2 protein chains.
Amino acid sequence: MQRIDSQNIVLLVRKAGFKATPAILAILTILQRAKKPLTVQEVAEKLNPKRDKVTIYRILEKLKEKRIIRHVDFQHGHAHYELNSDDHHHIICTACGKIEELEECSLKNMMQQVIKKSALFMRLTSHSMEFFGVCKTCDKKMKKIVSSPNLMKVRT
Amino acid sequence: MQRIDSQNIVLLVRKAGFKATPAILAILTILQRAKKPLTVQEVAEKLNPKRDKVTIYRILEKLKEKRIIRHVDFQHGHAHYELNSDDHHHIICTACGKIEELEECSLKNMMQQVIKKSALFMRLTSHSMEFFGVCKTCDKKMKKIVSSPNLMKVRT
DNA sequence: GTATGTGCAAATCGTTTGCAAGTCA
DNA sequence: TGACTTGCAAACGATTTGCACATAC
């Protein structure tokens with residue numbers, strides 16, 4: 001996991017060609033401290049002072065272009081963003097939304113294979129990879145529902 | 001690649017618990033003939049007679065629930081759908097949008113590893129995996145732009 | 001001082017919902 | 001017939017755009 005201390009955030013931002021404004025520094029700090037990819041909404045809630053959502057969208061877009069952060073799609077209908085650290089991916093529970101972070105796996109090998117086999121492409125710049133499943137807790141709940149003599153007892 | 005002849009589409013649809021209406025049969029046929037994942041817009045354009053987009057959204061959603069088709073995310077801001085055939089994934093050119101289809105690679109091994117390592121999950125139900133890069137054609141164009149003595153000459 | 005960043009209002013786009021009418025089994 | 005489908009209108013939520021003002025460097 002990439003680490004950025006508060007002094008270096010300023011340098012990082014400037015090197016990317018942006019002004020080190022409070023808004024951009026705050027957003028980067030929030031993403032850095034987050035333990036999971038955040039939505040625009042979640043970033044907005046953590047921001048103090050509050051910022052217009054438009055500002056957040058614009059900052060995230062710029063950071064993404066410079067590859068400082070990356071976009072993650074959990075198929076929830078809205079984008080999630082996280083620091084673009086070393087490759088790691090996620091399993092998302094389709095029942096409760098719980099997210100587990102995965103270590104690198106053998107993705108690098110796979111990417112090399114992919115580009116070697118490709119007829120049209122010569123380099124890969126990014127990828128998206130998420131796994132969806134049902135977490136153990138939800139799995140148990142589901143089994144309970146199926147076998148329960150009284151469906152009304154079961155809460156979601 | 002899974003094949004469905006026109007008589008069997010009806011059976012497939014009924015087995016999934018849906019009525020074999022012209023709209024659903026047409027949409028399945030379109031997806032079957034498509035060489036790449038289609039957007040709702042693209043399905044709408046190919047439909048004859050035309051159908052309300054709402055109808056297309058609803059049919060695609062139902063087919064997805066029954067795992068007859070799958071959702072593919074190219075980070076283009078709208079969903080793409082394709083028949084849920086054997087695992088294959090895509091490389092998408094971030095410059096021109098060109099799509100190359102990949103063969104299975106070593107994904108199955110990887111998924112087994114993933115679930116073995118996971119503390120919270122016991123089964124995976126689906127995944128998303130797309131690679132983004134710059135295709136050879138666009139790569140050449142970009143190099144031209146950089147080295148060109150007259151930027152105006154280069155078209156996008 | 002000037003290019004860049006920000007906030008506000010409004011537009012846009014993909015997608016979803018409610019409801020009445022139509023259709024398949 | 002009756003449940004499932006469809007179309008239309010309208011709502012919705014995420015994201016984008018235009019423009020005037022503010023700020024970093």
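Small disclaimer: the values here were computed from a predicted structure and weren't measured. Excluded from the calculations below are hydrogen atoms, water molecules and symmetry mates; all remaining heavy atoms, backbone and side chain alike, are included. In what follows, every chain begins at residue 1, and chains take the letters A, B, ... in the order their sequences are listed.
Annotation: cation-pi geometry satisfied between K62(B) and F18(B) (NZ/CZ under 6.0 angstrom from ring centroid, within 45° of ring axis).
Nucleotides of DNA chain D lying under 4.0 Å from heavy atoms of chain A occupy a range whose first and last members, 5' to 3', are dA14(D) to dC25(D). In the 5' to 3' direction, nucleotides of DNA chain C lying under 4.0 Å from heavy atoms of chain A begin and end at dA3(C) to dA9(C).
A salt bridge links R70(A) with E82(A): at least one charged nitrogen is closer than 4.0 Å to a carboxylate oxygen. Classification of K36(A) and E42(A) as a salt-bridged pair holds, one side-chain N sitting under 4.0 Å from a carboxylate O.
V10(B) and L12(B) fall within a single hydrophobic cluster, where Ile, Leu, Val, Met, Phe, Trp and Tyr side chains are chained together by heavy-atom contacts under 4.5 Å.
T29(B) places a side-chain N or O within 3.5 Å of a backbone atom of L25(B) that can act as its donor or acceptor partner.
Below 30°, between 30° and 60°, or above 60°: for H80(A) and H78(A) the angle between ring planes is between 30° and 60°, a tilted geometry.
In this structure, K50(B) places its NZ atom where more than 12 heavy-atom neighbours from other residues, nucleotides or ligands lie under 6.0 Å away.
In this model, no donor atom of one side chain and acceptor atom of the other lie less than 3.5 Å apart for E130(A) and S128(B).
Checked against the 6.0 Å centroid criterion, the rings of F132(B) and H127(A) do not qualify as a close aromatic pair. Taking the six-membered ring for Trp and the full ring otherwise, F74(B) and H90(B) have centroids separated by under 6.0 Å.
Taking for each of A23(A) and K19(B) the nucleotide of DNA chain C with the nearest heavy atom, the 5'-most of the two is the partner of A23(A). If you find the closest nucleotide of DNA chain C to Y81(B) and to F18(B), the one lying nearer the 5' end belongs to Y81(B).
A heavy atom closer than 4.0 Å to some atom of DNA chain D occurs in V54(A), Y57(A), R58(A), these being the qualifying members of residues 54-62 of chain A.
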